[in-house]
Amino acid sequence: MKNINFLFVLIFGLSLGLTSCESFLEEDVKDQISVDYIYDSPAGLEVGVNALYNQMRYYNSPSGDNNDLWANVFFMVATDLGLHRTWNTPYGTGHNPQSFTGSKWIQGYKIIDRCSAIITSARNINMDANAKKRLVAQARVIRGELYLDLKQMYGGILIDTIPTTPENINDPVTYKVASDADVYKLIDGDLDYAIANLPFKVDAGRYGQGVARHIRGKSALWQQNWAEAAAQFDAIINDGTHALVPLAEVWGQNANHRESLFTYQRDFLLGPSDDLAGGGGFWLGSVFTQRTYELNASELIQDVAYGGQSLGWFYPNNYLKSLYDQTNDLRFKTYYYSDNYQDYKINVPGNPKFGQSITNPAIAAPSGNYRAWHWSLKKYHDTEKLPMTSNSYKDYMYYRLAETYLLASEAYHNLGNDTKALAYLNKVRRRGYTGNPESAVTTFDLPTWTLNNYLDESARELAFENNRWFLLKRLGLLVERQNLYFRSSPSGTSAGEVPLKMTPVMVNMPIPQSQIDLMGKPAGFNVGYN
């Protein structure tokens, strides 16, 4: 992107330098090693692609407590399924171009620029043709994914496939909102290339054909091309590389199972910071978990079995809870920590009732302090989380096959084939009720496909996995559903729950005002915010 003076630091190995988000449009180019090596040699090309994965991990699962974490957590919780207790407030006074984090916009375009550099430079590198295609395909998946991401978040975006170089950095640019047709043409072209040149079976932490098709199917859904979406999702399901796993394994300690289409890799020994191969400690395992150990110091101490160090910033709300058959749906106990105080055992060494249920129901009652007690999310539970910290080095599953099945169900319904739509919907539902991904038990099958049935089943399976906000927006339901069910409890009690209103303009996230100013305040961006 020309005339966008941003800092990109090329580091030999698996990482690109992680620079301040706000510097994207205001820094000079500084090369720490030879750009010729990165973009003119087979080994350098591979280094560049490896670096993209590290940057994408930072983009989607940054370590620590910062605006980058908030940029991701927002889309996981600010839906009809969420409850806010503290930390950043969704849809609050800071939801504007001046204050809301610009992490996604700035980091997204920085990575897109590096993808384009790799794609362009590869044309002139002399190496094995198939190996080159596979490397370029990975860069094109990432670029297509990011453009779809930005389109979903911001609505009006700009596109540019010419990488920034020292030679063109000061070339004049006219900034304008790209047409939907041009954006989707670029996205689909990148993903189609990747599909043609990537295998289904790849090493953990690498993009394969499965994730490329999954994103391509999502792009088709946004364009209401139901047949294309169904074809892409069917290809993943029918290939057999990916499969649903037993319910207990979905969010277990091993995140690199067959249900995963893509999982971000973390390794403390290769870290522990975002600019190293192993990444830094991720906080999701604390963000959504209540601090049970604060209930009664004489009976409870911090225990990894109950989530370890926890924050309790956001929780699932009572509306989501009402969607579960709490007796028969096994997901209710598998995906969430119990809100029955008797399920928690006294774990203070030396306590004469060690191993028995905690004994203070007055403190443990659900109407008590939400920081210490609330129904909370267990999906990101880490049995090896570093003690007394919020840092988790568990691998983070980002795309999974259960979502593929559910999206395929939607596509087939829109094609008028409710038989297949129900088959896919109930495939996921049966696993939820039996724990078995191959279950043929029809007892709890949904008999008809309706939008509410679909949305409810999607909520039960995929809650807090970075998809609900985008699904509701695509269906035109985000504002209505969020205003009906999203809640905030600043007082930390059930009596203090209040709705947080979302205005229609907020269906498109605010582009940072600093970026708008540096682009010369072009028309068509941040419509409705100013």
Side-chain angles (χ1 to χ4, degrees), residues 9 11 13-21 50-77 85-88 101 103-104 106-107 111 204-206 250-257 260 262-294 301-315 335 337 371 376-400 464-466:
V9 183
I11 297 177
L14 296 180
S15 67
L16 284 174
L18 302 177
T19 61
S20 168
C21 293
N50 288 340
L52 293 178
Y53 284 103
N54 199 48
Q55 284 284 58
M56 286 299 291
R57 182 181 59 203
Y58 178 69
Y59 173 82
N60 282 320
S61 61
S63 66
D65 170 12
N66 48 49
N67 282 336
D68 301 307
L69 179 66
W70 173 230
N72 288 280
V73 169
F74 174 87
F75 294 104
M76 304 172 81
V77 302
R85 184 187 69 83
T86 188
W87 199 44
N88 291 294
T101 173
S103 177
K104 287 295 187 181
I106 297 167
Q107 292 296 338
I111 303 170
R206 290 279 173 176
V250 177
W251 291 103
Q253 199 63 22
N254 173 26
N256 293 302
H257 47 64
S260 169
F262 181 77
T263 294
Y264 286 107
Q265 307 297 299
R266 298 188 116 80
D267 187 335
F268 178 78
L269 296 179
L270 296 176
S273 66
D274 285 322
D275 59 352
L276 296 176
F282 197 24
W283 282 31
L284 282 194
S286 293
V287 168
F288 304 113
T289 307
Q290 32 83 344
R291 306 175 72 144
T292 310
Y293 49 86
E294 291 185 343
I301 58 174
Q302 195 177 117
D303 191 324
V304 69
Y306 301 159
Q309 164 64 25
S310 303
L311 298 167
W313 289 343
F314 296 95
Y315 297 123
Y335 291 169
Y337 295 99
R371 170 172 154 148
S376 65
L377 188 71
K378 197 176 185 180
K379 286 182 176 179
Y380 305 114
H381 179 91
D382 181 4
T383 61
E384 300 173 4
K385 189 163 70 173
L386 297 184
M388 308 306 291
T389 80
S390 292
N391 293 328
S392 170
Y393 287 86
K394 178 181 174 181
D395 299 333
Y396 173 40
M397 182 168 57
Y398 195 72
Y399 294 109
R400 66 181 176 108
F464 295 88
E465 294 183 37
N466 194 49

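Residues: numbered from 1 along the sequence shown.
In terms of heavy atoms, Phe282 sits closest to Asn60 at CZ-O, 4.1 Å. Across all their heavy atoms, Asp267 and Leu269 have their closest contact at OD1-N, 2.9 Å. Smallest separation of non-hydrogen atoms from Tyr337 and Ala305: CE2-O, 4.1 Å. Contact between Asn72 and Lys104 at its shortest, heavy atoms only, is OD1-NZ, 2.6 Å. In this structure, Phe314 and Thr86 approach most closely via the heavy-atom pair CZ-O, 4.1 Å. When all heavy atoms are compared, the tightest approach of Tyr315 to Ser376 is CD2-CB, 3.7 Å.
The CG atom of Leu377 lies 8.5 Å from the CD atom of Glu465; values are rounded to the nearest 0.5 Å. Atom OH in Tyr398 sits 4.0 Å away from atom CG in Asn466 (nearest 0.5 Å). One distance of note links CZ of Arg85 with CZ of Arg371; it measures 6.0 Å at 0.5 Å rounding. Interatomic distance, Asp65 CG to Trp70 CH2, rounded to the nearest 0.5 Å: 11.5 Å. If you take NZ on Lys385 and CG on Asn391, they are separated by 9.0 Å, rounding to the nearest 0.5 Å. Taken from OH in Tyr396 to OG1 in Thr263, the straight-line distance is 10.0 Å, to the nearest 0.5 Å.
You'll find the side chain of Thr101 stays beyond 4.5 Å of the side chain of Asn66, heavy atoms only. Side-chain contact between Thr289 and His381 is absent, with no heavy atoms from C-beta onward closer than 4.5 Å. Met76 is listed as a side-chain neighbour of Leu284, based on a closest heavy-atom distance under 4.5 Å. Looking at Trp87 and Leu311, their side chains never come closer than 4.5 Å, going by heavy atoms from C-beta outward. For the pair Asn50/Arg206, a side-chain contact is recorded, criterion being any heavy-atom separation below 4.5 Å from C-beta on.
Remark: side-chain polar atoms of Gln302 are paired, donor with acceptor, to backbone N or O of Gln309 under 3.5 angstrom. The closest donor-acceptor contact from the side chain of Arg57 to the backbone of Gln265 lies under 3.5 Å. Under a 3.5 Å cut-off, the side chain of Ser392 and the backbone N or O of Lys394 do form a donor-acceptor pair. Judged purely by atom type and a 3.5 angstrom limit, Ser260 has no side-chain atom pairing as donor or acceptor with the backbone of Asn256. Judged purely by atom type and a 3.5 angstrom limit, Ser310 uses its side chain to pair as donor or acceptor with the backbone of Gly308. Here the side chain of Arg291 pairs no donor or acceptor atom with the backbone of Gly312 at under 3.5 angstrom. In this structure a side-chain-to-backbone donor-acceptor pair under 3.5 Å is missing from Asp395 to Ala255.
With hydrogens and angles left out, the side-chain atoms of Tyr264 and Arg266 include no donor and acceptor closer than 3.5 Å. Counting only N and O atoms by type, the side chains of Ser103 and Asn67 include no donor and acceptor under 3.5 Å apart.
Between Trp313 and Trp283, the ring planes lie tilted relative to each other; the angle falls in the 30° to 60° range. Ring planes of Trp251 and Tyr380: perpendicular class, angle over 60° (limits at 30 and 60°).
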